[in-house]
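Have a look at the structure below, then the notes.
Just so you know, these numbers come straight off a predicted model, no measurement behind them.
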Amino acid sequence: MGKLSRIKWLVIGTAFVLLGIVGLFLPILQGILFIVIGVLCLAKGSAAVRSQKMVFKKRFPRIGEKMTYLEQKARAWGKKRRAKKISKK
């Protein structure tokens, strides 16, 4: 992963985590959802966050299963989106 791509994921992840923290106090935003999205983005850009995510999954297997399911669903959505983009060209 290039340095620019890594920085992009770190900035996006940090923004989502901050939005999630704000969402914990505001009833309009889904705080937990934004925090999870932020952690997934941070895990793409940081090896330390990625390893902590794996420790979290081992410590809390029920939540880890849900996170794995959501990651797989996001990957499938991304592949489907890229396939549509390629077919349009």
Side-chain angles (χ1 to χ4, degrees):
M1 181 179 299
K3 187 174 182 178
L4 197 58
S5 178
R6 182 172 177 260
I7 291 171
K8 174 186 76 168
W9 282 113
L10 291 174
V11 169
I12 291 171
T14 303
F16 271 113
V17 168
L18 291 175
L19 192 60
I21 291 170
V22 170
L24 291 175
F25 299 104
L26 295 176
I28 298 170
L29 298 174
Q30 293 289 326
I32 299 296
L33 176 66
F34 285 118
I35 290 173
V36 170
I37 292 170
V39 168
L40 294 176
C41 291
L42 285 171
K44 279 194 90 154
S46 171
V49 174
R50 195 173 316 115
S51 68
Q52 286 300 315
K53 184 182 78 168
M54 297 308 291
V55 169
F56 182 83
K57 284 182 174 183
K58 286 181 184 176
R59 187 167 182 189
F60 303 103
R62 289 181 68 199
I63 298 172
E65 289 174 9
K66 290 179 183 180
M67 284 179 66
T68 302
Y69 170 74
L70 291 173
E71 289 171 344
Q72 291 171 347
K73 200 169 183 176
R75 279 191 203 102
W77 178 77
K79 286 181 184 178
K80 185 177 176 182
R81 188 169 175 231
R82 283 189 291 276
K84 279 186 179 180
K85 199 180 268 190
I86 290 171
S87 67
K88 285 185 179 181
K89 288 182 179 180

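- Contacts of E71 classified as side chain to side chain donor-acceptor pair (under 3.5 Å), with partners at least two apart in sequence or in another chain: K53, K57.
- In this structure, CG in L26 is found 9.5 Å from CG in L19, a value given to the nearest 0.5 Å.
- Pairs engaging residues 23-49 under the ring pair (Phe, Tyr, Trp, His ring centres under 6.0 Å) rule: F16-F34 [sequence neighbours left out].
- Rounding to the nearest 0.5 Å gives a distance of 12.0 Å between NZ of K44 and CG of L10.
- For S51, the side chain to side chain contact (heavy atoms under 4.5 Å, CB included) test picks out no residue, with sequence neighbours left out.
- The distance from the CD1 atom of I21 to the CD1 atom of I35 is 5.5 Å, given to the nearest 0.5 Å.
- In the hydrophobic clustering (ILVMFWY side chains linked at under 4.5 Å, chained through shared members), I7 is joined by V11.
- Cluster note: M54 groups with no other residue, as no ILVMFWY side-chain heavy atom lies under 4.5 Å from it.
- I32 meets the side chain to side chain contact (heavy atoms under 4.5 Å, CB included) test with L24, V36; sequence neighbours excluded.
- When all heavy atoms of I12 and C41 are compared, the closest pair comes out as CG2-SG, 3.9 Å.
- Applying the side chain to side chain donor-acceptor pair (under 3.5 Å) rule to K8 yields no partners; only residues at least two apart in sequence or on another chain are considered.
- Residue pairs meeting the ring pair (Phe, Tyr, Trp, His ring centres under 6.0 Å) criterion with at least one partner in residues 42-63, sequence neighbours excluded, are F56-F60.
- Residue Y69 belongs to a hydrophobic cluster whose other members are L70, with links defined by side-chain heavy atoms closer than 4.5 Å.
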